[in-house]
Amino acid sequence: MKNKIFYLIVSTLIILAGCSEDTIEENGVGRLTGTVVAKTTNTPLENIKIVTSPASSTVFTDASGNFVIETISVGEYSVQAESDIYADAFEAVSILNNETSSVVFELEVSKSNNIEPLVPELLTPTDGASNLEPNIQFIWSSSESDTDEITYKFQLRNGTTNEILSREVVADTTITIENLNLGTNYFWQVSASDDNSEVQSTVSQFSTNSTPQNTYFYVRSVNGNSVIYSGSANDDDQGSDDQDNDDVNFNEFKLTSESFNSFRPHKNNETSKIAFLRTVNGATQLHTMNLDGSGIKQVTNTIPVNGFRIDEIDYTWAQNGGKLYYPSFDKLYSIDPDGGGSTLIYKTTDGSFISEVSASEFDDNLIAVKTNNNAGYSVRVYTVRLSSGTEERVIFQNGVGAVKGIDLNANGTQLVYSKDTSGSQNEQYRQFSSRIYIYNLNTGVERLFDNGAVSGSNDIQPRWSPSEGAIIFTRKPSNINSVPNVLVSPLSEYTSDNILFTNASMPDWEE
């Protein structure tokens, strides 16, 4: 009996031992590897915690975003990637005996852990600011506490029309908006977003000037047409004619539409009007407009402005803004700014064309004229007494080459003009070395204006500054289709170039 019991126990232990050995051999162990990257950029993510369910070893990713669990029991697992910054992610995996299984995680930033941007603070212009120029730099402040990039949405609403202008600004906290409407209330707001959240600033209000406070007027080519602009320095000392390029920031305002060909602007302080030339139905007509570009009125009609090369013709205000003098071939006409009172006041005796005229501010009876033949040459520059129609002083004649731009000073004692010193006369009316000269009508002495002229360039269209302490002019390289710039130089010793406006010509300077 005892032997039977003994054999039964031994047999049972052998069976149990055999069963245990069979289970280990069936389950076995395998190896698990994986990679963790950011979803949008595929950037490897370091120090991401990796755990499994059922539980096995806990590991962390290395600098390359990789991890490995060297020994893990055979079976089905859920693998989890955990991070304080990124949302948890899960991947299912099967572990096979003596084999390596792999998983890849693409983690997204956790919205619950995102730090939203600070609410933008509107800095410039300040709330309630008034009489601002129509070109404004808007400045605000904001920041993000995490690594997300901030996108700003700038919105500007016109208080009159309710039109809303929207711009997207990435990372930067400034934007410049040009050519705002004059005399208008505006409201602006900035929102900041980092793809996970958005915050908005308060709304700030400001108003623009009813009239641009600009002292410079010039022409720029836009889409094949000449367009008139005004500009002004952020410098109260304009009357000194001593302006440093490094300290001056100019505001530009477009006065005429690029749908028209408008050029030769001249401001008159007494009438607060700007006169200019415009092509109308193939003819060049004299016009006036308000300082903000509104109220455009055609002055001439039946007798348009005409002569050699329309872009070379110039007119002038006269009699304290009560008249405009303009040429038409060999004749000079006077006309009221409202278009009435057209009168022939002078005619050349030899049939030469009058291309330019300038009037003395303090002597209504004195004008200077420039005449030339139909090719632009055989130039004469002289003064005329209107009461008698007689020449008073001959300034230039019997020379070769082109002359461009004449301007009498207020007292009628000096005339500034430019002439091509190369003496070239060609069918294209091309100049190669135009330089500015000042002629003293009292002494009859001409002198070269020292303004740092550049070889290969032409200095043309000179005009006196309001205080007559400087000359504003156009500098244009002599090659065809070159781009002109408007510069100013003091009458005192030349120091350096002072470029006021680029891609600009036909300057006028009136305070």
Side-chain angles (χ1 to χ4, degrees), residues 15-120 141-155 166 168-173 190-201:
I15 292 170
L16 289 174
C19 291
S20 174
E21 186 175 342
D22 288 343
T23 301
I24 293 173
E25 183 178 353
E26 177 183 330
N27 290 341
V29 295
R31 185 170 180 265
L32 175 64
T33 64
T35 303
V36 183
V37 297
K39 184 172 184 178
T40 55
T41 63
N42 280 330
T43 303
L45 299 179
E46 184 180 9
N47 206 33
I48 302 298
K49 183 179 180 181
I50 305 297
V51 297
T52 66
S53 179
S56 65
S57 300
T58 298
V59 295
F60 294 85
T61 57
D62 60 19
S64 299
N66 299 320
F67 69 88
V68 60
I69 299 177
E70 292 291 352
T71 302
I72 182 171
S73 297
V74 169
E76 301 295 326
Y77 290 85
S78 174
V79 186
Q80 180 178 351
E82 299 178 359
S83 169
D84 293 335
I85 298 176
Y86 296 90
D88 293 351
F90 299 85
E91 291 290 341
V93 66
S94 296
I95 302 299
L96 303 177
N97 187 42
N98 293 324
E99 293 188 16
T100 297
S101 301
S102 297
V103 292
V104 175
F105 291 94
E106 294 182 336
L107 302 189
E108 294 183 296
V109 174
S110 173
K111 293 185 178 180
S112 62
N113 295 327
N114 179 67
I115 303 174
E116 67 181 19
L118 296 178
V119 174
S141 67
S142 181
S143 64
E144 175 67 280
S145 298
D146 55 29
T147 58
D148 295 340
E149 185 176 66
I150 306 177
T151 298
Y152 298 101
K153 183 179 180 181
F154 169 87
Q155 289 190 312
S166 295
E168 187 176 280
V169 182
V170 178
D172 198 5
T173 56
V190 175
S191 63
S193 64
D194 60 2
D195 293 331
N196 296 306
S197 58
E198 180 177 279
V199 292
Q200 289 186 322
S201 73

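Here, residue 1 is the first one in the sequence, and each next residue gets the next number.
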Distance-minimising heavy-atom pair for Ser83 and Ile48: CB-CD1, 3.7 Å
Interatomic distance, Thr41 atom OG1 to Glu106 atom CD [nearest 0.5 angstrom]: 10.0 Å
Over all atoms of both residues, closest heavy-atom pair of Glu82 and Val51: OE2-CG2, 3.7 Å
Sub-4.5 Å side-chain heavy-atom contact between Asn98 and Arg31: no
Spatial distance of atom OG1 (Thr58) from atom CD (Gln80) [nearest 0.5 Å]: 10.0 Å
NZ/NE/NH1/NH2 to OD/OE distance under 4.0 Å, Lys153 and Glu168: no
Value rounded to 0.5 Å, distance of NZ in Lys39 from CG in Leu107: 10.0 Å
Thr71: partners by side-chain hydrogen bond (donor to acceptor under 3.5 Å, both in side chains), with sequence neighbours left out: none
Minimum side-chain heavy-atom gap Tyr86-Phe105 below 4.5 Å: no
Ser102 and Thr33: CA distance, side-chain angles, deciding distance, side-chain hydrogen bond (donor to acceptor under 3.5 Å, both in side chains) verdict: CA-CA 5 Å; Ser102 297; Thr33 64; 2.7 Å; yes
Any Ile95 side-chain heavy atom under 4.5 Å of Leu32 side chain: yes
Heavy-atom pair of closest approach, residues Ser191 and Gln200: CB-CG, 3.7 Å
Point-to-point distance, once rounded to the nearest 0.5 Å, from OH of Tyr77 to OG of Ser53: 9.5 Å
Non-hydrogen side-chain atoms of Ile69 and Ser56 separated by less than 4.5 Å: yes
Under 3.5 Å: donor-acceptor pair, side chain of Ser78, backbone of Ala92: no
Atom of Ala192, atom of Ile150 and distance for their closest heavy-atom approach: CB-CG2, 3.8 Å
Atom pair CD (Glu198) and OH (Tyr152), whose distance is rounded to the nearest 0.5 Å: 12.5 Å
CA sep, side-chain torsions, deciding dist, call: Ile50, Val36, side-chain contact (heavy atoms from CB on, under 4.5 Å): CA-CA 10 Å; Ile50 305 297; Val36 183; 4.1 Å; yes
Partner residues of Thr35 under the side-chain hydrogen bond (donor to acceptor under 3.5 Å, both in side chains) criterion, sequence neighbours left out: Asn66
Test log, rule side-chain hydrogen bond (donor to acceptor under 3.5 Å, both in side chains), inputs Thr61 and Glu46: CA-CA 5 Å; Thr61 57; Glu46 184 180 9; over 6 Å; no
Heavy-atom closest contact (Pro44 atom, Val37 atom, distance): CA-CG1, 4.1 Å
Non-hydrogen side-chain atoms of Val199 and Pro120 separated by less than 4.5 Å: yes
Verdict with reasoning, Phe67 to Val103, per side-chain contact (heavy atoms from CB on, under 4.5 Å): CA-CA 10 Å; Phe67 69 88; Val103 292; 3.7 Å; yes
